[in-house]
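Remarks on the structure that follows.
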Amino acid sequence: MEIEFIPIDYDYFDFNGGNYVRMIGRDGRGRRVCVIDSYEANFWLILEDGADASKIVKKVMKVEVTKASRTSKVLKCVIADKKYLGKDVKAIRVFVTNHKDAHEIASEIGDMKGIFKRREYDIPLITKYIKEKGASPLQCLHVKAERVTDNRLQVTEDMDCYIAEEIKPIGNRKQGIGNKEFVPKVLTYDIETSDVEIGKSEILMISLYGELGNKDEGIGNRSKDGEIFEKVLTWKKSEGAGDYVEFCEDEAEMLEKFVEYVNEYSPDILTGYFSDGFDLPYLKARADINGVKLAIGIDSKGPSFTRGRIPSGKFCGIVHVDMYRFVDAVFSQYLQSETLSLNEVAKELVGESKEDFDFAKLSNMKNSDWNDFFSYNVHDSRVAYKLFEKIWPDILEFTKIVKEPLFDVSRDRMSTHVENYILHNLDRFNEIAEKRPSYNEIRERKSMGKYEGAFVFEPVPGLYDDLVMFDFTSMYASVIISYNLSKSTLNEDGETFNEKAGFFPTMLGEVVETRKKYKKEYVANPSGMLKARSNAYKLLANAAYGYQGFFGARYYCREAAAATARLAKENILSAIDKIEKGGYKIIYSDTDSICLLQGEKSRKEVLGMLKKINDELPGIMELDLEDFYPRGLFVLKRGGVGGAKKKYALIDENGKVKIRGFETVRRDWCALTRDLQSKILTDILKDGNEKGALVKFKEVVKKLKGREVEISDLMIRTQLRQALSDYVSEGPHVAAAKKMEARGIPVSVGMLVEYYIGEGSGKRIGDRVYLVGDKVKYDVDYYLKNQVLPAVENIFEVFGIDVSAVADGEVQKKLF
DNA sequence: GTTAAGTCCATACC
DNA sequence: ACAGGTATGGACTTAAC
């Protein structure tokens, strides 16, 4: 029979000595089905020039590896003309009985005469499978298949299962089946505990939230119209709780109910925020203690955790997504949020905050407190659900573009995305994949010093009128493409690059072109999907430069990365030169942007000059008009020598202020300082002088001196980036963290430590660090000399005002 | 004991 | 370990007197 099929999750198993891939997904009617397909494990032998291929094949056919209970053999060999790093090679594709033994068979073959390299034994089975069969995730496939019920194939009873005979993508980038979108059935969850250490305390409650879509909306999430599923499971008792609260006898029963509800809801995706690092391991630990099995997923086995910096929790057939991982790896650099907490990220992306709940109350909870806590708990899952809806188009597009399983794509870092994109597109270039670097190679790469990077122009401090900002579009990517910079195009001299287009720059060119196309489509006809798609291609293009310089990359090429930076620099310097020769004054430039004064020239003249520069730029490089700014401010460095780079403030024609680098945008300065500086910059840019700003400054000094400032405005937040014992030098935030630890407040790497500086006699600032709630008075002198003044001094200096004298004046007046 | 230079550290820009 | 280099500036630590 023939079915339409959207694969969502993949795993594999051995049967009759061969490898099989099992895909869980949805069929054309939106039902969950399972498709099993055989996989012929294989890798490549690249031959030396002039080697006798058939002779080698004969020898290779005899290779056999016995390991534990399994004997792996070579099944067949196919001789082919391939490319490896752009060069034509003769190669043998070696098919083996089991993918797990490919590496060992390759090693066994190792020393054989005539073999230049062994490749692709280190690519994960699922990746090779998807690549070779075109069974891309979350895209509709046309599958010729036979229905099976053979339990030895690990078929589950309550799901239709097929053995694939032929798999074909239905292509042309359709979202789902027919004209319908694939809408996953999603369930979010969140737990509350009294101790944050994994498994240490009981889980007090678990919340679940899901929305069942209208059946006309698309494939997947079908049910009655707009039904909401929300639940809090708890073993705590209270009266008058909302209907969504379900009381259990004890923790064990609560965990069992959780499993039941998840299985009954049967989501495609089970998701939480930081659930890899907290909720799921906690559930597992408590389930173990209580002797409960977290039998979630189609195999009814508990979650498995893959190793890594953060363990990744996996169920079979239900994709567990930790939204934090995706936000952290892909989104964070484009967010304004100062932390990646659910609260901040959800506020920025979906405009929803968490509910307030005072965790200090936990030790002494009244009936109504519990009801508040339940409400808080379910709200968290609700907010998480909204967040998922918001970022799903991005996760979906990344998955479809990178062609790796959703589980991995939602966790991988940008370098991995770039690499997977390459691996899944190599066939079009007839390329055999490069191997992963060995431990020693990584060490060697890391030991290389830095290469020279971007150019930054030292600005002359001042308040300027009528500035123009140019920037290069995707500069580094356009340099890589225009100059053909990559591992496979590096000449033997190790410096210059081949003229003949390499697959890496070509692929990157396609990424940039595709991005342009979808951006255009998006502008003409905006949709969340087009925005996400265009954005995914953009992020991929932007990460390509970093990828070539990243020590862990298969296609690492330091020379290409260094050349990219150097040629970018040459081009921006040459553009600056041309702008200056055109009679303009350059105010600033950083990496790919140039800021100049419009002077007496008209906008038309500016654009004409821009066009002339563009006509002379190499390849696809392009200098764009970013914007016109009526006013801009640049300041001196703190030491007073030279203009400060990476610090400026601009105001656009709509009165919108853009602040870069200043303390205003730094989270490790107190709110008093940041707010004041922000107001001062805004006033100066709006008024064109410092008078109003000076009044605001004086007011703050007076308030500070008069002890009228709230402690919350004086709290300083600094991230603890290593273990307390690893610090060589004990800064104030380390001292604060030690103080917390001494008081029994949990301290962990990565947390934001909050403190203020109080009065005292200690020599170091760290000796006068206090925590929220402490009764010690704030240190007026510190906040004046180390916070407020440093942040505004060099701004007023532009107007020739010595602001510390003004501050002293305020003190004098008060004294008299 | 004080001060200047050097180092560590966090955070930002692009 | 999980894209790169450039840059600022606070606070601590150490060397020199």
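On a predicted model such as this, the values are computed, not experimentally measured, just so you know. First the proteins, then the strands, lettered A, B, ... as listed; each starts at 1. When reading the values below, keep in mind they use all heavy atoms of this one structure, side chains included, and skip hydrogens, waters and symmetry mates.
Nearest nucleotide to the A/R764 side chain, out of C/dC2, C/dC12, B/dC13: C/dC12. Out of C/dA1, B/dC13, B/dC14, the shortest distance to the side chain of A/T591 is found at B/dC14. The listed nucleotides are C/dA3, B/dA12, B/dA10; the one nearest the side chain of A/R413 is C/dA3. Closest contact between the side chain of A/F550 and the listed nucleotides C/dC2, B/dC13, B/dT11 involves C/dC2. Taking the side chain of A/Y451 as heavy atoms from C-beta on, and the options C/dG4, B/dA10, C/dA3, the nearest nucleotide is C/dG4. The side chain of A/E452 has C/dT6 as its nearest neighbour among C/dT6, B/dA12, B/dA10.
Ion pairing between a basic and an acidic side chain is recognised when a charged N comes within 4.0 Å of a carboxylate O; A/R325 and A/D322 show no such pairing. A/E441 has no carboxylate O lying under 4.0 Å from a charged side-chain N of A/R436, or vice versa, which leaves the two without a salt bridge. Here A/R717 pairs with A/E754 in a salt bridge; the nearest charged N to carboxylate O distance falls below 4.0 Å. Note on A/E663 versus A/R674: no salt bridge recorded, every NZ/NE/NH1/NH2 to OD/OE distance being 4.0 Å or above. Checked for salt-bridge contact, A/E626 and A/K658 meet the test: a charged N lies under 4.0 Å from a carboxylate O. Using a cut-off of 4.0 Å between Lys/Arg side-chain N and Asp/Glu carboxylate O, A/R768 and A/E759 are scored as not salt-bridged.
Among the heavy atoms of the strands lying under 4.0 Å from A/G661 are primed sugar atoms or P, OP1, OP2 only; no base atom is included. Contact annotation for A/Y782: backbone-only contact, meaning every heavy-atom pair under 4.0 Å involves sugar-phosphate atoms and none involves a base. Across all strands shown, A/N786 has heavy atoms under 4.0 Å from sugar-phosphate atoms exclusively, and none from any base. Within 4.0 Å of A/R660, counting heavy atoms only, lie sugar-phosphate atoms of the nucleic acid but no base atom. As judged by a 4.0 angstrom heavy-atom cut-off over every strand, A/F472 is placed among residues making no nucleic acid contact. As judged by a 4.0 angstrom heavy-atom cut-off over every strand, A/T416 is placed among residues making no nucleic acid contact. Nucleic acid contact class of A/Q548 (heavy atoms, under 4.0 Å, all strands): none.
In the region residues 726-738 of chain A, proximity to DNA chain B at under 4.0 angstrom, judged on heavy atoms, holds for A/Y727, A/V728, A/S729, A/H733. Using a 4.0 Å cut-off on heavy atoms, none of the residues of residues 564-575 of chain A approach DNA chain C.
In this structure, NZ of A/K785 is placed 13 Å from P of C/dA11, rounded to the nearest angstrom. Between A/R554 atom CZ and C/dA1 atom P the separation is 19 Å, expressed in whole Å.
B/dA10 sits 15 Å from C/dC2 when the P atoms are compared, rounded to a whole Å.
Residues passing the salt bridge (Lys or Arg N to Asp or Glu O under 4.0 Å) test with A/E452, sequence neighbours excluded: A/K569. Residues passing the ring pair (Phe, Tyr, Trp, His ring centres under 6.0 Å) test with A/F550: none are found, sequence neighbours excluded.
Looking at A/L650 and A/L685, their side chains never come closer than 4.5 Å, going by heavy atoms from C-beta outward.
Counting non-hydrogen atoms of neighbouring residues, nucleotides and ligands closer than 6.0 angstrom, the CD atom of A/E570 exceeds 12 such neighbours. Around NZ of A/K538, the count of heavy atoms belonging to other residues, nucleotides or ligands within 6.0 Å does not exceed 12.
Residue-to-nucleotide contacts include a donor-acceptor pair under 3.5 Å from the side chain of A/Q333 to the base of C/dA3.
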Look for any protein N or O under 3.5 Å of an N or O in nucleotides 7-9 of chain C and output each such pair with its distance, or none.
| unit_1 | atom_1 | unit_2 | atom_2 | d |
| --- | --- | --- | --- | --- |
| C/dA7 | OP1 | A/K645 | NZ | 3.0 |
| C/dG9 | OP1 | A/R638 | N | 3.4 |
| C/dG9 | OP1 | A/K647 | NZ | 3.0 |
| C/dG9 | OP2 | A/R638 | N | 2.8 |

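Screening residues 632-649 of chain A for side-chain hydrogen bond (donor to acceptor under 3.5 Å, both in side chains) gives A/D590-A/K646, A/R638-A/E793 as the qualifying pairs, with residues at least two apart or on separate chains.
Between A/Y648 and B/dC14 there is a side-chain N or O to OP1 or OP2 distance below 4.0 Å.
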